[in-house]
Each structure stands twice: as C-alpha cells, then as structure tokens.
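See structure below.
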Amino acid sequence: MPELPEVEIVKQSVERSILFQKINDVLIKNRKLRFKIQNNLKNLIKNKKIIKVSRKFKYLIIHFEKEEFLIIHFGMSGTLHLLKKNKNDYTNLSFYSSRSLPKKHNHVIIFFPKFKLVYNDPRRFGFFKFFFSKKELNFFFKNYGPEVLSSKFDLNYLKRKLKNKKKNIKNLLLDQTFVSGIGNIYANEILFCSKINPKKIGKKLKINEIRNIIKFSKKVLNKAIKRGGSSIKNFKNIKGNLGTFQKEFKVYERENKNCLKKNCRGVIRRIIISNRSAFLCNYCQK
DNA sequence: CCGTTAACCTGAGAGC
DNA sequence: TGCTCTCAGGTTAACG
C-alpha cells in the first residue's frame, strides 16, 4: 500500500484517536508477517499509554513512556482499521476499502477502552517491532538514507552520492539507503516531472537534472500528502475518505495514454526495470 | 565493495 | 465456472 505520503496520512488519521490512550489488550492472530512478531509483544505494550505518534520514512512509530517504541511497516498491502465499540458490536469508521472490516488477514488487534485498532495485511510483507530504547530504535534506522522531504536531501547530498553510481536513477530512488520514503508510484512521477529517463545511469545525470530531482521529489510528495495520498486499491484515511492524488498521476498506470505535457505528442509506455513497472514518456524523458 | 535477480505472500483481473 | 497467467504501493538474501 504505502509510500511516504500514505503512511503520513495513516499517521495523521490514527494519531487523533490513539494519542494519550492506554492499550487494554492485544490479540495476535498471526505472527508470521515479513518478520515474526516477537512472542512477548502483547505483554510489552499491554497497559501502556501512547504519548506520541510519528512517522519516519515509511514507518509508523508509536511512542510509549520511558522511551519505548513500537514501529509498524505496512509492506505492500498492510492497513489499519479503527473500529468504534458500539453497544455489542463494533462499527467501522476507518479507512481502506469496504465499509466493514475485511474478513480475512486481520493479524493484530489492539484494544483501547472505546475502540480497537486492527492491522490487516493480505500479503504479509509488513511487520511490527518493539524497541526498548531510543538507542535501539536509532540503530534500526542507521542504514537509511536521508528522508526525501528533509533538508538533508539536497543538491549537495545528491550530487555527491551520484558521482560514481552505475545503477539507473529509478532503482536509486527506490533504494531506501540512498534516499528514504520514495516508492514505485512517486519514483515514476518524480522522474517524469524531472524529464529524466528512468534507465539513465546515476553518474550521468546533469546538474540541472539533479536539481530537478530534488525539487520535484519534494513537490510531488508534498502535493500527494495534501491530497490525502494515492488511492490505488481504495486506500482511505481514518475518516473513510479516499486520497485523490491518483487523479493527478502523469505517468503511473497510464500506459498507452497521451503524455500530459503541453504540446507533447508522446504516449506513455510501460517498461520493466528490475522486475518493477516503470512508466515514462519517451519524448519528454531523455 | 557494487549491481541484479529471485523470493517472500495473497488476491484481483484478463483471457481462454 | 474455472484454469492459468500477470500484476500489485516493499524489501532483502543470495549471487556474480
């Protein structure tokens, strides 16, 4: 499901409900996510109060007292559902797909006094991990590159990092140790806006192209956040609203459609780069 | 060290 | 209805 903008929307959506709430109970129905959920997770978070909710890269971070943390990664298909306790039953007031909670793949349920939070993930590429200290948390993130929206991801950084890179620029943008937060949708959109062919080798990029990547990475992602993220498969925020950035895709999932750049007669093509779809206009992106 | 590929999973949709 | 094939917003172990 989520790249940085979608996780940011999840964070904003969920924060409103769970901030300063105490976890009453935890039910883990399936530990076999990308990594096995640690055996004692239930006891580690039960009866603890959430003092902060944040996002780092594509991760949701739940902060507890005494510098303890739970991180959630959503993989390709992970979603959170907030279900309000209503008399004898629960009703869905949350985001994603159907009005009601999916029947299958609800792997983790976190109970609060007045509602429950359900983690659903059909493909099980997501995961949960608990950290006992800030130090441990930082260690987990030590190999990640600067966040795409942070000031650390700037012209100097990108220039220096690209110097001897033989990988193509699209794979570099998807490489979280190079820059973190970008996924396949936004990599394609950023490269279109920057007028760069996704196959172009990193070290061959011109200074102007590097400048464009910096500029449009931030522009595209910020706009996606403003639009509530992209709703490819019915991604919704916690109020049940769809994100709308997919309506503004210029290349992603637009194979065989006309290039949207003014006066361009090109057609959007889909090619495969490292087993993943790349969308581009051959005329605009050299 | 670097870059590429296959693998981890399930479900939706297309084509026959 | 059902089979087979392709594809999906992510990451990483294993290989050359």
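Proteins come first, then strands; the chains are lettered A, B, ... in the order of their sequence lines, and each starts at number 1. This one's a predicted model, so the numbers in the text were calculated from it and none came from an experiment.
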Between A:L191 and A:Q285, is there a side-chain heavy-atom distance shorter than 4.5 Å?
yes
Is there a side-chain contact between A:K166 and A:K203 in this structure, where contact means two heavy atoms from C-beta onward sitting under 4.5 Å apart?
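The answer is yes; the side chains approach within 4.5 Å.
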Residue that, paired with A:E147, satisfies salt bridge (charged side-chain N to carboxylate O under 4.0 Å, His left out) out of A:R55, A:K152, A:K218:
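Among A:R55, A:K152, A:K218, the one that satisfies the salt bridge (charged side-chain N to carboxylate O under 4.0 Å, His left out) with A:E147 is A:R55.
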Write down the distance separating the [atom1] atoms in [N] and [M], rounded off to the nearest Å.
N	M	atom1	value
B:dG11	C:dT12	P	24 Å
B:dT5	C:dC7	P	16 Å
C:dT11	B:dA12	P	23 Å

Measure from [atom1] on [X] to [atom2] on [N] and round the result to the nearest Å.
X	N	atom1	atom2	value
A:E255	C:dT6	CD	C1'	12 Å
A:N143	B:dC1	CG	P	11 Å
A:N106	B:dT10	CG	C1'	14 Å
A:N120	B:dT10	CG	P	13 Å
A:K170	C:dG10	NZ	C1'	12 Å
A:R123	B:dA7	CZ	P	15 Å
A:N30	B:dC9	CG	C1'	11 Å
A:F125	C:dG10	CZ	C1'	8 Å

Listed nucleotide nearest any side-chain atom of A:E3, set C:dC7, B:dC9, C:dG10:
C:dG10
Walk along nucleotides 11-16 of chain C from 5' to 3' and tag each nucleotide B, S or - by protein heavy-atom contact under 4.0 Å, base first, then sugar-phosphate.
BS----
Validate the cation-pi geometry between A:K129 and A:F131: distance from NZ or CZ to the six-membered ring centre under 6.0 Å, angle to the ring axis within 45°.
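Yes, A:K129 and A:F131 form such a contact.
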Considering Watson-Crick and G-U wobble pairs with both distances under 3.5 Å, what does B:dG15 pair with?
C:dC3
Verdict with supporting geometry, A:L117 and A:I109, side-chain contact (heavy atoms from CB on, under 4.5 Å):
CA-CA 6 Å; A:L117 194 63; A:I109 305 170; over 6 Å; no
Closest heavy-atom contact between [X] and [Y]?
X	Y	answer
A:R123	A:S77	N-OG, 3.0 Å
A:Y186	A:E6	OH-OE2, 2.7 Å
A:G183	A:L174	C-CD2, 3.2 Å

Provide a list of protein-nucleic acid N or O atom pairs under 3.5 angstrom, restricted to nucleotides 3-5 of chain B.
from	atom 1	to	atom 2	distance (Å)
B:dG3	OP1	A:K166	N	2.8
B:dG3	OP1	A:K167	N	3.4

Respond yes when some side-chain nitrogen or oxygen of A:S77 is under 4.0 Å from OP1 or OP2 of C:dA8, and no when none is.
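It does not, given that no N or O in the side chain of A:S77 lies less than 4.0 Å from OP1 or OP2 of C:dA8.
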For a quick test of reading the model: is some side-chain N or O of A:H105 closer than 4.0 Å to OP1 or OP2 of B:dC9?
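Answer no for this pair, as no side-chain N or O of A:H105 is under 4.0 Å from OP1 or OP2.
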Taking atom types as they are modelled, would you say the side chain of A:R124 forms a donor-acceptor pair with the base of B:dC9 within the 3.5 Å cutoff?
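Absent.
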Ignoring hydrogens and geometry beyond distance, is a side-chain donor-acceptor pair present between A:R227 and A:T244 at under 3.5 Å?
no
CZ on A:F128 to NE2 on A:H73, rounded to 0.5 Å:
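Rounded to the nearest 0.5 Å, the NE2-CZ separation comes to 12.5 Å.
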